[in-house]
Student: 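Got a structure for you, written out below as structure tokens; questions coming shortly.
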2 protein chains.
Amino acid sequence: MRIRDVAERCEVSTATVSNVMNNKGRVSPETAERVRASIKEMGFSPSQSARSLKTDRTHLIAVIVPFLEKGKLHDNPFYWNLVSGVEAGARSRKLNVLLTGVDEETETFSFITERQLDGVIVVGTHEGSRTMEEVLARKVPTVFMDSFIQSAHVSRVTIDDEKGGWLGAGHLLDLGHEKVAVVTGKLEGNGVSRERLRGVKRAFMERKVPFPDDLIIERPVNMAHARSLAKELKESGATAVFSFSDVAAMGLLKGFAECGVSVPGEISIVGYDNLFFSDYTHPSLTTVAQDVEEKGQIAVDLLFDQIEGRPSSKTVLDVKLIERESTAER
Amino acid sequence: MRIRDVAERCEVSTATVSNVMNNKGRVSPETAERVRASIKEMGFSPSQSARSLKTDRTHLIAVIVPFLEKGKLHDNPFYWNLVSGVEAGARSRKLNVLLTGVDEETETFSFITERQLDGVIVVGTHEGSRTMEEVLARKVPTVFMDSFIQSAHVSRVTIDDEKGGWLGAGHLLDLGHEKVAVVTGKLEGNGVSRERLRGVKRAFMERKVPFPDDLIIERPVNMAHARSLAKELKESGATAVFSFSDVAAMGLLKGFAECGVSVPGEISIVGYDNLFFSDYTHPSLTTVAQDVEEKGQIAVDLLFDQIEGRPSSKTVLDVKLIERESTAER
DNA sequence: TTTAAGTGGTTAAACGATTAACCGATAACT
DNA sequence: AGTTATCGGTTAATCGTTTAACCACTTAAA
């Protein structure tokens, strides 16, 4: 069914029907009503393809999520929340969301230009990555989330990671822990972790406690890695662990339980993200919390500003510490 | 940049360029090569809008996920895995995925026709829901996942839920538990749970153990609900719980820990889904496992069959029981 | 020698919207 | 009376592809 069918039925021109649908041009209230009625009765809905072809707007944005392993979307629940927030933000702006996983190394990004996306939101990448270069090369409005970017002209939304690191470490220090192991994940190219670590060091500095550099665990850690890492940490002399993700923290919890280390009795743990399960682990996780859904919303706001040609600003969201059961005095 | 620009540069017609891109029609190897080279050099990529307009194919499918609460995608990690599987399947079929959350009651489904989607995958709904009616009314290829549908002509992919129920209950019965509470979630309209329950009852029947009807917990349960439910169950006389979702099971674990009930010492728990955290809870969860990602893949396969006009069949995937620490002999 | 088939293209008409430019009829000002 | 706005539309070009129909030329078959 085409706009012409509606036009014929109402005995007006297609232009008028178009004007009614878009509240543009001049059309008398009566005609408008007649047209609207017909549209409803006929169940007509205009072709977005034809529309986009003419207007150069698709009302389509993509959220690009890196793969964890071959062909599989990053299964950290953290990402799901992020995406959920983006979806909600997009919905309120009448945008649709294309969900695309990419393999950072091999993927093709042609869909951006082919689909003439109004914009893209990239999560979890970093300066110099192929993903970032390919996306920016397409010169389409872009917002980066949870990515480490230095370049000033790139728009992004981040949380105050330095503060997060400072809060977590400060909490442990205040409890009397000085030998704090920090599970950062891969640091190279990952500025998010780098920022957090900076905050951690500041907390140590402010309290004039020497920072135990040898206790930084820089390897990438998922749940399984963290589980086996626990055995290592047991021997390390650390009395507390600050894990830069709750997922890893949960793995640690399991690992410690398995080798008979009591948390928080012998070792305290602070996590990061406050995921949906963080209050349900045993013991529940003290963690640095961020509002992931809000983050997604804001990303869309920023993207929308760019799409509409408005100047957009970098947005930094606050974090807070949630104290639960996994930390205790030394 | 248009196809015409490429055509002019190569001194051929647009038709030829189009033919080269689609490997159609007759074009000499040399010309084809010349065209391909130009396309690459110029960085040309064809407009999907224009293409769709002419061909009536968008290579776009939607996965429709119900909202958990207002404006927020269902945050069960289960859904994320499902969607991840769909994304992977779509990728291998050169389809893009539109992610859309819907509020079962109020949402508009016009995007299906407006975007002329090639097909949609609906998760987590049931026969008679507004979502199902609205989607089917649009007469677009559709596959339902994790939805309870009786109608024969509707294509869907499910797991063998009856068997899952039978496996879980059988396991508990074999351990000597007879007073088994079953946390089903809302049963009304939810055939998935209904099927599982049927399996549970069969297990009891086969062993000639009377099924304790009064221990069915039919309320909808998320993690928080389950946590408080634990207190209730403590008083119920049940020696085991079969929870139809690992998320709820995790809540129960926390709840039991809080009111001093040892698992599996005093109460055994069997979950369902085998989510990414199920091996990391304390104790780890015995659970009925399904391959959620494979499920997503198969959904796309089924959808693709429909799109291409091939007959498609209902697919039922197998489940298996994974024994971990949360169950023990009575 | 005529006819048929194959080769490597080209031409031009769609697809279904949007929108600038135009148009006739009143109404309102000088 | 003559000019100018305003109102409520219409006409037709356009967006960037695909594709059926056509064409000129060569080769093969009858």
Side-chain angles (χ1 to χ4, degrees), chain A residues 1-39 42-60 94 96 110-118 140, chain B residues 1-39 42-60 94 96 110-118 140:
Chain A
M1 192 175 347
R2 302 149 306 166
I3 204 177
R4 189 185 310 166
D5 301 317
V6 178
E8 279 166 11
R9 187 183 215 258
C10 302
E11 291 170 311
V12 294
S13 71
T14 65
T16 298
V17 178
S18 172
N19 280 331
V20 169
M21 290 193 302
N22 303 301
N23 306 311
K24 271 186 187 169
R26 287 177 297 237
V27 35
S28 76
E30 303 86 57
T31 314
E33 206 33 67
R34 232 174 58 232
V35 170
R36 259 189 280 272
S38 293
I39 289 179
M42 307 173 72
F44 167 74
S45 78
S47 149
Q48 195 42 248
S49 298
R51 226 171 215 182
S52 301
L53 187 56
K54 191 68 172 100
T55 61
D56 260 335
R57 282 283 298 259
T58 55
H59 300 277
L60 196 62
K94 304 221 168 301
N96 281 127
S110 55
F111 67 94
I112 296 178
T113 33
E114 284 179 14
R115 295 241 178 241
Q116 287 173 250
L117 300 180
D118 283 352
V140 75
Chain B
M1 191 174 351
R2 303 148 305 166
I3 206 178
R4 189 186 311 166
D5 300 317
V6 178
E8 280 166 9
R9 188 184 215 257
C10 300
E11 292 171 312
V12 294
S13 71
T14 64
T16 298
V17 178
S18 172
N19 280 332
V20 169
M21 290 193 302
N22 304 301
N23 305 312
K24 271 187 186 171
R26 287 178 298 237
V27 33
S28 77
E30 302 87 58
T31 314
E33 206 32 68
R34 231 174 58 233
V35 171
R36 259 189 280 273
S38 291
I39 289 179
M42 306 173 73
F44 166 75
S45 78
S47 149
Q48 198 36 255
S49 297
R51 231 172 211 182
S52 301
L53 186 56
K54 191 66 174 117
T55 61
D56 261 333
R57 282 281 300 257
T58 55
H59 300 277
L60 196 60
K94 305 225 168 296
N96 282 126
S110 55
F111 67 95
I112 297 178
T113 34
E114 284 180 14
R115 295 241 178 241
Q116 287 173 250
L117 300 180
D118 283 354
V140 75

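Naming: A, B, ... by sequence-line order, numbering from 1 per chain. Every heavy atom of this structure was used, including side-chain atoms; hydrogens, water molecules and symmetry mates were not.
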Student: Kindly determine whether Ser28(A) and Thr31(A) satisfy side chain to side chain donor-acceptor pair (under 3.5 Å), including the steps that lead there.
Tutor: CA-CA 5 Å; Ser28(A) 76; Thr31(A) 314; 2.7 Å; yes

Student: Along DNA chain C, 5' to 3', what are the outermost nucleotides having an atom less than 4.0 Å from a heavy atom of chain B?
Tutor: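 Taking any atom under 4.0 Å from a heavy atom of chain B, the span is dT7(C) to dG16(C).
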
Student: Got more than 12 heavy atoms from elsewhere within 6.0 Å of CZ, Arg4(B)?
Tutor: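 Counting other residues, nucleotides and ligands, CZ of Arg4(B) stays at 12 neighbours or fewer.
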
Student: Base, sugar-phosphate alone, or nothing: which one does Ser28(B) contact when heavy atoms must sit under 4.0 Å apart?
Tutor: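 Sugar-phosphate only.
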
Student: Could you pull out all residues at least two apart from Thr16(A) that satisfy side chain to side chain donor-acceptor pair (under 3.5 Å)?
Tutor: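 With sequence neighbours excluded, Thr16(A) shows a side chain to side chain donor-acceptor pair (under 3.5 Å) to Ser13(A), given in chain and number order.
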
Student: Determine yes or no for a side-chain-to-main-chain donor-acceptor pair under 3.5 angstrom, with Thr55(B) supplying the side chain and Arg51(B) the backbone.
Tutor: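 Yes, the answer is positive, given that a donor and an acceptor are paired below the 3.5 Å cut-off.
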
Student: Categorize Ser52(B) for me: base, sugar-phosphate, or nothing, with a 4.0 angstrom heavy-atom threshold over every strand shown.
Tutor: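 The residue Ser52(B) makes no contact with any strand.
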
Student: Would you list the atom pairs, donor with acceptor, under 3.5 Å between side chains in residues 17-24 of chain A and any protein atom, with sequence neighbours excluded?
Tutor:
residue	atom	partner	partner atom	Å
Ser18(A)	OG	Asn22(A)	ND2	3.4
Asn19(A)	ND2	Ala15(A)	O	3.3
Asn22(A)	ND2	Ser18(A)	O	2.9

Student: Between protein and nucleic acid, restricted to nucleotides 15-19 of chain D and to nitrogen or oxygen atoms under 3.5 Å apart, what atom pairs and distances do you find?
Tutor:
residue	atom	partner	partner atom	Å
dT17(D)	OP1	Ser47(B)	N	3.4
dT17(D)	OP2	Ile3(B)	N	2.5
dT18(D)	OP1	Asn22(B)	ND2	3.4
dT18(D)	OP1	Arg51(B)	NE	2.7
dT18(D)	OP1	Arg51(B)	NH2	3.4
dT18(D)	OP2	Ser18(B)	OG	2.6
dT19(D)	OP2	Lys24(B)	NZ	2.8

Student: Closest approach of Ser38(B) and Arg9(B), non-hydrogen atoms and distance?
Tutor: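 Shortest heavy-atom contact: OG-NH1, 3.6 Å.
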
Student: Check for a donor-acceptor pair, side chain of Ser47(A) on one end and backbone N or O of Ala50(A) on the other, with a separation under 3.5 Å.
Tutor: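 At least one qualifying donor-acceptor pair exists.
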
Student: For the helix from dT1(C)-dA30(D) to dT30(C)-dA1(D), figure out the bend between the end axes, five pairs an end, and round to 10 degrees.
Tutor: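 For the helix from dT1(C)-dA30(D) to dT30(C)-dA1(D), the axes at opposite ends meet at about 50°.
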
Student: For the side chain of Ser52(B) and the backbone of Arg57(B), is there at least one donor-acceptor N/O pair under 3.5 Å apart?
Tutor: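 Between the backbone of Arg57(B) and the side chain of Ser52(B) there is a qualifying donor-acceptor contact (under 3.5 Å).
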
Student: List the residues meeting side chain to side chain donor-acceptor pair (under 3.5 Å) with Glu114(B), not counting sequence neighbours, and say none if there are none.
Tutor: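 None.
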
Student: Would the distance check show the side chain of Asp118(B) and the main-chain N or O of His59(B) forming a donor-acceptor pair, the cut-off being under 3.5 Å?
Tutor: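 Present.
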
